[in-house]
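Chain letters run A, B, ... following the sequence lines, proteins first, then strands; residues in each count from 1.
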Amino acid sequence: MKSFKRHLITSALPYANGPLHIGHLAGVYVPSDIYTRYLRLKGQDVLSICASDEHGVPITLKARTEGITPKEVVDRYHELNKKAFEDFGIAFDIYSRTSNKVHYETASDFFLTLYNKGEFTEKVTEQYYDEEAGCFLADRYIVGTCPQCGNENAYGDQCEKCGTSLSPTELINPHSTISGSKPVLRETLHWYLPLDKYEGWLREWILEGHKEWKTNVYGQCKSWLEQGLQPRAVSRDLDWGIPVPVDGAGGKVLYVWFDAPIGYISATKELTPEWEKYWKDPDTKLIHFIGKDNIVFHCIIFPAMLKAEGSFILPENVPANEFLNLENDKISTSRNWAVWLHEYLEEFPGKQDVLRYVLCTNMPETKDSDFMWKDFQAKNNNELVAILGNFVNRSLVLTNNYFGGIAPARSKTDDYDEKVLSEIERIRNNIEPSLESFRFRDALREAMNLARLGNKYLADTEPWKIHKSDPEKVKTIINIALQITANLTIILEPFLPFTTKKLRGWLNCGKFSWAEAGRSDLIPPGHAIKKPGLLFEKIEDDVIEKQINKLRASLKTNNDTGTTVIPPKETVSFDLFSRIDIRTATVLEAEKVPRTTKLLKLTIDTGIDTRTIVSGIAEYFQPDDLVGKQISIVANLEPRKIKGIESKGMILMAEDSGGKLVLVSPAEKTGNGSIIK
RNA sequence: GGCGAGAUAGCUCAGAUGGUUAGAGCGCAUGAUUCAUAAUCAUGAGGUCGGGGGUUCAAUUCCCCCUCUCGCUACCA
């Protein structure tokens, strides 16, 4: 096992187009914070880096819908998220942002180095250009008819209705969402990172060299490598981002996936003039904390970039977590199915550690896990209050009651006392390997065993029974209880920093180092402690019910109205509208198209004829349920071959923001072929 | 369709290069106890380890098939 001189910890850069929720915390920031705090306690040289990721098309889109500038969007969320991290004690050495000057320079330099080394390939492609707005259009800015499903609102990169990934040139009747005009194709030059070139090296490095990575990470990398890697464009025609630093590259910026990971480097640079020591010296252990959605970037693409650049070290491990669900359902920003960090703090002031604890005990380390409010309550009441808070309270109250708040000396210790004392060190020794291999749930469970040990020790020795008959023995007992309490301030520090700080205050002691954990002389005889308060308080049923109701209510609202309402399309003439022939029809037969997931082949009676329509609705409808249903169709849509079947027309569907499809049917049965107008 | 991860006590999860009674925490039951936020401590009940087949003296652990969940990817409206 290689030993390292220093650590560089990065945490995935949160995208600055929305607030943070518990999923972010459980997946990335709590684990990275625990790990960082542990290393710091051990006195290691460690930097923890994070920043807001502030470029990319979604931010420009959000700005547009809100009628503000992209800068205003990122400013808002950068401040909000930065504060949320601070409030939860996520102790980054720096929380920077990718709109900083130093990042612009770093990312530009990085690009230039690769450019000058000839690491990029250049390719001219035809892209849509908006002549009115005078700019190239990012894929998301082009809307047109999906060539597959006929959805008129398909974006240039993807049709949200059928899920097809598209390229903008495939869209029928494309138009710009900026000016509404019809864009023209223009040639444009872009730079590509030929990932295929690094495939062999990546295989060797990951599949052979890092078999110790978590199975989910290793498996995902293997999956990617076996599918073969393609060159990836590193630039885009866009005006929000870092300009490509090459002559004649006006109007082009670095693609956000390229600039974002470089943000780790720039933030380090901003933090310390010694940044190169952390990024280029092989004695540095680089660890990326991320969620599973980011595995490919941090295990494949970013390492390929670093390798191409040549002077940087590579990550030693990428302990990606899976996802946290909420009350049995996926966390979803658009459905507002989330517990937002800033809202949690308003409703549970001072209870940062409760959330940290619950998220840690239930961290999605090996598979997706679930956050349940009932579970949150149970863990608070049965573990934090009953086991930890209670033990601390007992030991401090006993010290005050029997010794006026002055720590007694141990007189004579018996075998049991010695066994308990040695147990402290054993617990510490158990925690270390868990923390070092990113098994934080295990580590925290073991840490809590120290409080359990304390409770058991008091129950077994029963000082309240003998404090008159054997005061010397009680001195020993209370001394040991205090040593356990002091050790808790060390061992729990990575997990519950607010709690341990409070506890140190009551113990009236300073911060101990990790190496001191296990010692039985942390609190010397004669040391005066303070009057304790309560470490945790019980959470009652009604508080939890309120949270559950709040979630359900927001979900209901979302179902009723849809949170993401797409802005109206441009005005069309009546003439244009009337050229579309919408009719009622009845489904005669329906069957799944073989070897597809989404396609149904429908035979329908249109009143005019009997025809076949292929529709991408198989995920929402059983074929049998459709037979006999009256529906609405576009009867004069140009025919199109789909999977070898000629589809004549398209079925009208209402689609909510979650992508769920509902048939648009006449409210009462009517003749097939009736005109809908 | 392909690939990856997962399915173990009521709940959340560990675990085994195949081999004596499969573990933890919480919950539950019973008992003990009162220093402590009706907290604590002890004991116990609870699992044919997703389903089916195979290899083996022996599989929950290895192999094959199937079902379900999550993710990636392909084809695609």
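With both ends at atom P, the span from B:rC64 to B:rG6 equals 15 Å, rounded to whole Å. Going from the C1' atom of B:rA14 to that of B:rG25 covers 10 Å, rounded to whole Å. The P atoms of B:rG71 and B:rA29 are separated by 38 Å, rounded to the nearest whole Å. A distance of about 11 Å separates the P atoms of B:rA59 and B:rG19, rounded to the whole Å. Taking the P atom of each, B:rU21 and B:rA45 are spaced 16 Å apart, rounded to whole Å. Here, B:rG2 and B:rU20 have their C1' atoms 43 Å apart, quoted to the whole Å. The gap from the P atom of B:rG47 to that of B:rC66 amounts to 31 Å, rounded to the nearest Å. Using atom C1' as the reference point in both B:rG18 and B:rG54, the two lie 15 Å apart (nearest Å).
In terms of phosphate contacts, A:Lys379 brings no side-chain nitrogen or oxygen within less than 4.0 Å of OP1 or OP2 of B:rC26. Listed pair A:Arg441 / B:rA14 meets the phosphate criterion, a side-chain N or O lying under 4.0 Å from OP1 or OP2.
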Handout entry: Nucleotide pairing, RNA chain B (Watson-Crick or G-U, distances under 3.5 Å), in dot-bracket with [ ] and |
Key = (((((((..((((.....[...)))).(((((.......))))).....(((((..]....))))))))))))....
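Rounded to whole angstrom, the span from the CE atom of A:Met448 across to the C1' atom of B:rU40 amounts to 13 Å. Between the P atom of B:rC72 and the CG atom of A:Asn294 lies a distance of 12 Å, rounded to the nearest Å. Distance, A:Ile300 CD1 to B:rG4 P: 15 Å, rounded to whole Å. Atom-to-atom, CD1 of A:Ile478 to C1' of B:rA36 comes out at 12 Å; the value is rounded to the nearest Å. Residue A:Lys531 contributes atom NZ, which lies 13 Å from atom P of B:rA36 at whole-angstrom precision. A straight line from OH of A:Tyr357 to P of B:rU12 spans 16 Å, rounded to a whole angstrom. Distance NZ (A:Lys538) to P (B:rC26): 14 Å, rounded to an integer number of Å. Distance CG (A:Asn455) to C1' (B:rG25): 15 Å, rounded to an integer number of Å.
Between the side chain of A:Thr461 and the backbone N or O of A:Ile477 there is no donor-acceptor pair closer than 3.5 Å. Panel note: side chain A:Glu199, backbone A:Leu229; a donor-acceptor pair is recorded below 3.5 Å. A donor-acceptor pair under 3.5 Å is formed between the side chain of A:Arg356 and the backbone N or O of A:Phe495.
At the heavy-atom level, A:Arg439 lies nowhere under 4.0 Å from the strands shown. Residue A:Val397 is classed as a sugar-phosphate contact, given heavy-atom separations below 4.0 Å to backbone atoms only. Counting non-hydrogen atoms under 4.0 angstrom, A:Phe536 reaches a base of the nucleic acid. Backbone-only engagement by A:Asn362 is indicated by non-hydrogen atom pairs under 4.0 Å involving sugar-phosphate atoms exclusively. Looking at heavy-atom distances under 4.0 Å, A:Glu383 makes contact with sugar-phosphate atoms alone, never a base. Among the heavy atoms of the strands lying under 4.0 Å from A:Leu535 is at least one base atom, whether or not backbone atoms are also near. If you check every strand for non-hydrogen atoms under 4.0 Å, A:Ser369 touches sugar and phosphate atoms only.
Checked against B:rC35, B:rU37, B:rG6, the side chain of A:Thr215 finds its nearest nucleotide in B:rG6. With distances taken from any side-chain atom of A:Lys367 to the nucleotides B:rU40, B:rC70, B:rA14, the minimum falls on B:rA14. Of the listed nucleotides (B:rC70, B:rU37, B:rU40), B:rU40 has the atom at the smallest distance from the side chain of A:Asn390. Proximity note for A:Ser223 (side chain, C-beta onward) versus B:rA36, B:rU37, B:rG4: the nearest is B:rG4. Counting only heavy atoms from C-beta on, A:Leu534 has its side chain closest to B:rU37 among B:rU37, B:rU40, B:rA7. Picking from B:rC13, B:rG25, B:rU40 the nucleotide with the shortest atom distance to the side chain of A:Arg452 gives B:rG25. Comparing atom distances between the A:Thr366 side chain and each of B:rC35, B:rC13, B:rU73 picks out B:rC13 as nearest.
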Below 3.5 Å is the cut-off: list the nitrogen or oxygen pairs between protein and nucleotides 42-46 of chain B, distance only.
from: B:rA42; atom 1: OP1; to: A:Lys456; atom 2: NZ; distance (Å): 3.4

Using a cut-off of under 3.5 Å, enumerate the N/O to N/O pairs linking the protein to nucleotides 27-33 of chain B.
from: B:rG27; atom 1: OP1; to: A:Asn382; atom 2: OD1; distance (Å): 3.2
from: B:rG27; atom 1: OP1; to: A:Asn382; atom 2: ND2; distance (Å): 3.1

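The line from CG of A:Leu388 to CG of A:Leu488 is 6.0 Å long, rounded to the nearest 0.5 Å. The distance from atom CG of A:Leu324 to atom CE of A:Met363, rounded to the nearest 0.5 Å, is 10.0 Å. A:Thr489 OG1 to A:Ile484 CD1: the interatomic distance, rounded to the nearest 0.5 Å, is 12.5 Å. Taking CD from A:Glu322 and CG from A:Asn216, the interatomic distance works out to 4.5 Å, rounded to the nearest 0.5 Å. Within the model, atoms CD1 of A:Ile633 and CE of A:Met650 stand 10.5 Å from one another, a figure rounded to the nearest 0.5 Å. Taken from CG in A:Leu421 to CG in A:Leu453, the straight-line distance is 9.0 Å, to the nearest 0.5 Å.
With A:Phe323 as the aromatic partner, A:Lys292 meets the cation-pi criteria of under 6.0 angstrom to the ring centre and within 45 degrees of the ring axis.
Residue order along RNA chain B, read from the 5' end via each residue's closest nucleotide, puts A:Asp442 first among A:Asp368 and A:Asp442. Both A:Ile387 and A:Asp370 lie near RNA chain B, and the one whose nearest nucleotide falls closer to the 5' end is A:Asp370.
B:rG50: glycosidic angle beyond 90° from 0, hence anti.
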Problem - Verdict with reasoning, A:Arg428 to A:Glu446, per salt bridge (charged side-chain N to carboxylate O under 4.0 Å, His left out) - result: CA-CA 8 Å; A:Arg428 187 202 71 178; A:Glu446 188 64 24; over 6 Å; no
Practice task
Decide yes or no on salt bridge (charged side-chain N to carboxylate O under 4.0 Å, His left out) for A:Asp581 and A:Arg583, but give the supporting numbers first.
Solution key: CA-CA 6 Å; A:Asp581 194 353; A:Arg583 305 278 186 134; 2.7 Å; yes
Problem - Intermediate values then yes/no, ring pair (Phe, Tyr, Trp, His ring centres under 6.0 Å), A:Trp373 and A:Phe348 - result: CA-CA 13 Å; A:Trp373 276 112; A:Phe348 296 93; 5.7 Å; yes
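Taking 4.5 Å as the limit, every side-chain heavy atom of A:Arg410 sits out of range of all side-chain heavy atoms of A:Lys473. Side-chain atoms of A:Trp213 and A:Cys299, non-hydrogen and from C-beta on, do get closer than 4.5 Å to each other.
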